[in-house]
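Working notes, beginning with the structure itself.
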Amino acid sequence: MQKDPMDKSLHMLGSAPLPQALDTLDDRVLDALAVRQREAAAMRRMMALAAFVSLGGGIVAGSAMPGPAVAASPLTPLVPASPLAPSTLLDAGK
């Protein structure tokens, strides 16, 4: 019985030497993953630092420069109360 040509091709591929680049492929992938993990950890630290600085700056600015409270004025001077304001929608007296 004759061998299948596909078996012969597979045997030739199995006996062929592997390229040198495949030997270092695993190391390169694992090194890249380690770099990505270090960058992610550094990014978390930077985000925490940015949040801390932002919160601290807001606290300092809010307590160091207190200003008088001012009531908000209506958006348009011609209409004193908006007809869609919750207080006018819930008013049953109208």
Side-chain angles (χ1 to χ4, degrees):
M1 185 169 226
Q2 284 187 340
K3 281 188 154 184
D4 187 22
M6 184 64 119
D7 288 340
K8 185 177 179 182
S9 299
L10 290 176
H11 180 67
M12 285 177 23
L13 283 175
S15 63
L18 292 176
Q20 290 293 81
L22 287 179
D23 290 338
T24 60
L25 184 62
D26 289 339
D27 293 333
R28 291 187 302 192
V29 169
L30 292 175
D31 289 344
L33 286 174
V35 167
R36 183 174 285 187
Q37 287 176 343
R38 284 194 302 268
E39 288 174 351
M43 183 59 66
R44 284 192 297 268
R45 279 189 231 107
M46 291 301 293
M47 292 298 286
L49 178 64
F52 179 72
V53 168
S54 176
L55 182 62
I59 290 172
V60 167
S63 62
M65 299 174 259
V70 178
S73 62
L75 294 176
T76 59
L78 302 176
V79 180
S82 173
L84 295 179
S87 61
T88 58
L89 291 175
L90 296 175
D91 188 17
K94 286 187 176 184

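No hydrogens, no waters, no symmetry mates; every other heavy atom, side chains included, goes into these values.
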Interatomic spacing from CG in Asp7 to NE2 in His11 - rounded to 0.5 Å | 10.5 Å
CE (Met43) and CE (Met46) are apart, to the nearest 0.5 Å, by 7.5 Å
Supply the members, apart from Met12, of the Ile/Leu/Val/Met/Phe/Trp/Tyr cluster built from side-chain contacts under 4.5 Å; use none for a lone residue.
-> none
For Leu55, the hydrophobic cluster (side chain heavy atoms closer than 4.5 Å, chained through members) also holds Ile59
Near Arg28 CZ, under 6.0 Å, is it more than 12 heavy atoms from other residues, nucleotides or ligands?
-> yes
The side chain to side chain contact (heavy atoms under 4.5 Å, CB included) partners of Ala41 (sequence neighbours excluded) come to Arg44, Arg45
Members besides Leu10 in its Ile/Leu/Val/Met/Phe/Trp/Tyr cluster (side-chain heavy atoms under 4.5 Å) = Met6
For Arg38, what residues pass the side chain to side chain contact (heavy atoms under 4.5 Å, CB included) criterion, not counting sequence neighbours?
-> Ala34, Val35
Side-chain cluster (under 4.5 Å, hydrophobic types only) that Leu49 belongs to, other residues | Val53
